[in-house]
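Structure first, then comments.
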Amino acid sequence: MAKDKPLRPKARLPRGFRDRSGAELAAERRMLDTVRGVYESYGFSALETPAFEYTDALGKFLPDIDRPNEGVFSLRDEDEQWLSLRYDLTAPLARYVAENFQDLPKPFRRYAVGRVWRNEKPGPGRFREFTQFDADTVGSSSPAADAELLIMVCDVLKALGLAGSDFALKVNNRKLLDGVLDAARVEPSRRGVVLRAIDKLDRLGLGGVRDLLGSGRKDESGDFTRGAELEAAQIRIVEKFLGSAPPDPTLGNLERWWADIAPGHEGGAAQGLAEVAQIFALVDHSGHQGRIHLDPTVVRGLDYYTGPVFEAQLTFPVTNEAGEAVIFGSVAGGGRYDDLVARFTGQAVPATGISIGVSRLMSALMSRGALTLAEDPLVLVLSMGDVARAFELAHQLRQAGIRSEAYVGTKRIPDQLKYADKRGAAIAVLEGEDERAAGTITLKDLALGLELAKSIETRAAWVQERPAQTTIGRADLVAEVTRMLGRQS
RNA sequence: GCAGCUGUAGCUCAGUUGGUUAGAGCGCCGGAUUGUGGAUCCGGAGGUCACUGGUUCGACCCCAGUCAGCUGUACCA
């Protein structure tokens, strides 16, 4: 007879999602507080919008029968309306601005931090749920708004502990990309493919991009990707644009540069060149001028960008948990999107914004040693058959601002100490019958004990020596714990 | 979606040319130790060998299909 086995669900995390806890969350919180502080100091105010939006407010399409969740997580409301989880924080901002347009001051400046969701295939370092931290200026067409964001991002990265030489901001302009495609006479239907190919430059290198602009490219698994089928002459023009940029982007230098790349097409890109020149003129006085460069290879995948685009890149190698070097994309990116609000109102509203990828930036900071996984130290009060007394001692420590936990489990003392170890507790507090009779308390410095344990061979010796352990007067509890915590830190 | 690789205990993995009752380490539970962490020792629980079908006297092993995972690539408003 077969064993009756109840049908149980398998405990498993949906792919592309993550559980996070304790020290990691504490570190993230510290980082977000720093970013928030800089954003607020520039006069941006917080705005929170919900996780769900009506699907038509988020993008161009409605889910269809065949692929109801293409790219986004969607569901149908009771009244048959499609809702979707937001895939970024910019689309909800556009909705908010359109809905409250007449009441908002212009320019309207807000920051937003929150989780976003994408229903896509997850990969290494790519999740289906992640956090973004955005700042946007809506209602100003001035390049000053773009320049300000670039300067602010530099301030953020420095406030987070990165050195100036650790990062670089790369600036480009969609109008220049459009201009060069005009000059190369690339058909409108192929422009998307071409821009996406250029966007892959950092990953595939110039050779890979050349293949994608031309006949196509085979990846390392042998799969073939079709190319944009451009003529050699067209590819040459695009490559010339990608490979050269004046180091000092004054308007005069930019115009000379452009005349060399796209002679006869000076008019089409003039606006873009002027915007670039203005941005760099403003950046010049920021103290961050060495960190911000013109880089024609920056595209940004999203096609709603209409003018300046930018991304923050790290200049040092980042390693993953396995210690391998990883190709690290940008930690922040953004640009100008002048048409997004017009989708709702019909009225053109210029806007520009920057978005920080929170988990990427966090692993970069940890890789650099600028952020460490750490929680406040924990003091564990062991329960020696008198939980009320453990509560009381823990309470005394809390009153002094010390994070302390009274043991509320049911195990014996050796197991309680093992528990304290596993929790990573800094100190264990014991007050049993002997101590109570003597009016004393025993403290164990667990971190110190862990060190000493390496040189003690036998359990008997360990028990006899009782390393890193002291017995103190009852009244000295808070003072002595404070002293021990001070030694550890 | 396309391509390659991989599915054996909670985790990481062994498993001989196809041979009887499928193993190890870690983790977990109990004990050596009713008030002292580490180490060590003893004992225990835990398996639809991803699933379905086929070949065979006999399949964890060979074949086909399906599903799942990983990696690359495409898409990413």
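Sequence lines set the chain letters: A, B, ... in the order given, protein chains first and strands last, and positions in each chain run from 1.
B/rG72 atom C1' lies 16 Å from atom CD of A/Glu120, rounded to whole Å.
By the side-chain hydrogen bond (donor to acceptor under 3.5 Å, both in side chains) test, A/Arg398 is found to be paired with no residue, residues two or more places apart in sequence or in another chain being considered. Under the rule for a salt bridge (charged side-chain N to carboxylate O under 4.0 Å, His left out), A/Lys200 has no partner lying at least two apart in sequence or in another chain. Residues passing the salt bridge (charged side-chain N to carboxylate O under 4.0 Å, His left out) test with A/Arg15, sequence neighbours excluded: none. With sequence neighbours excluded, no residue forms a salt bridge (charged side-chain N to carboxylate O under 4.0 Å, His left out) with A/Asp178. For the side-chain contact (heavy atoms from CB on, under 4.5 Å) test, residues two or more places apart in sequence or in another chain that qualify with A/Ser140 are A/Pro107, A/Thr137, A/Ser142, A/Ala145. Not counting sequence neighbours, the partners of A/Ala26 by the side-chain contact (heavy atoms from CB on, under 4.5 Å) test are A/Arg29, A/Arg30, A/Glu375. Partners of A/Leu448 according to the side-chain contact (heavy atoms from CB on, under 4.5 Å) rule, which considers only residues two or more places apart in sequence or in another chain, are A/Asp445, A/Leu452, A/Ala468, A/Arg487. By the salt bridge (charged side-chain N to carboxylate O under 4.0 Å, His left out) test, A/Glu392 is found to be paired with A/Arg389, residues two or more places apart in sequence or in another chain being considered.
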* **Under 4.0 Å protein heavy-atom contacts per nucleotide of nucleotides 36-42 of chain B, with B for base, S for backbone only and - for none** => BBBB---
Quick one: which protein N/O atoms are closer than 3.5 Å to N/O atoms of nucleotides 4-12 of chain B? Pair and distance per line, please.
none

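Interface residues of residues 373-391 of chain A facing RNA chain B, ordered by number: A/Met384; criterion, heavy-atom separation under 4.0 Å.
Annotation: cation-pi pair A/Arg18/A/Phe127 present, NZ/CZ under 6.0 Å from the ring centroid and within 45° of its normal.
The closest donor-acceptor contact from the side chain of A/Arg336 to the backbone of A/Pro308 lies at 3.5 Å or more, if one exists at all. In this structure, the side chain of A/Glu53 does not engage the main chain of A/Leu83 through any donor-acceptor pair within 3.5 Å. Of the possible donor and acceptor atoms, none in the side chain of A/Ser215 sits under 3.5 Å from a partner among the backbone N and O of A/Asp211.
As rounded to the nearest Å, B/rU12 and B/rU6 have C1' atoms that lie 15 Å from one another.
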* To do: Return one dot-bracket line describing RNA chain B 5' to 3' (Watson-Crick or G-U wobble pairs, both distances under 3.5 Å; ( ) same strand, [ ] crossing, | another strand, . none).
  => (((((((..((((.....[...)))).(((((.......))))).....(((((..]....))))))))))))....
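Along RNA chain B, the nucleotide nearest A/Arg118 and the nucleotide nearest A/Asp434 are compared for position; the residue whose nucleotide lies closer to the 5' end is A/Asp434. Closest-nucleotide positions on RNA chain B for A/Val193 and A/Arg15 were compared, and the one nearer the 5' end corresponds to A/Arg15.
Using a 4.0 Å heavy-atom criterion, one finds that A/Glu433 contacts the bases of the nucleic acid, with or without backbone contacts as well.
Residue side chain A/Arg128 does not reach the base of B/rC76 through any donor-acceptor N/O pair under 3.5 Å, judged by distance alone. Side-chain to base pairing of A/Lys121 with B/rU73: one donor and one acceptor N or O lie within less than 3.5 Å of each other.
Taking the side chain as every heavy atom from C-beta outward, A/Leu213 and A/Val238 approach each other to under 4.5 Å.
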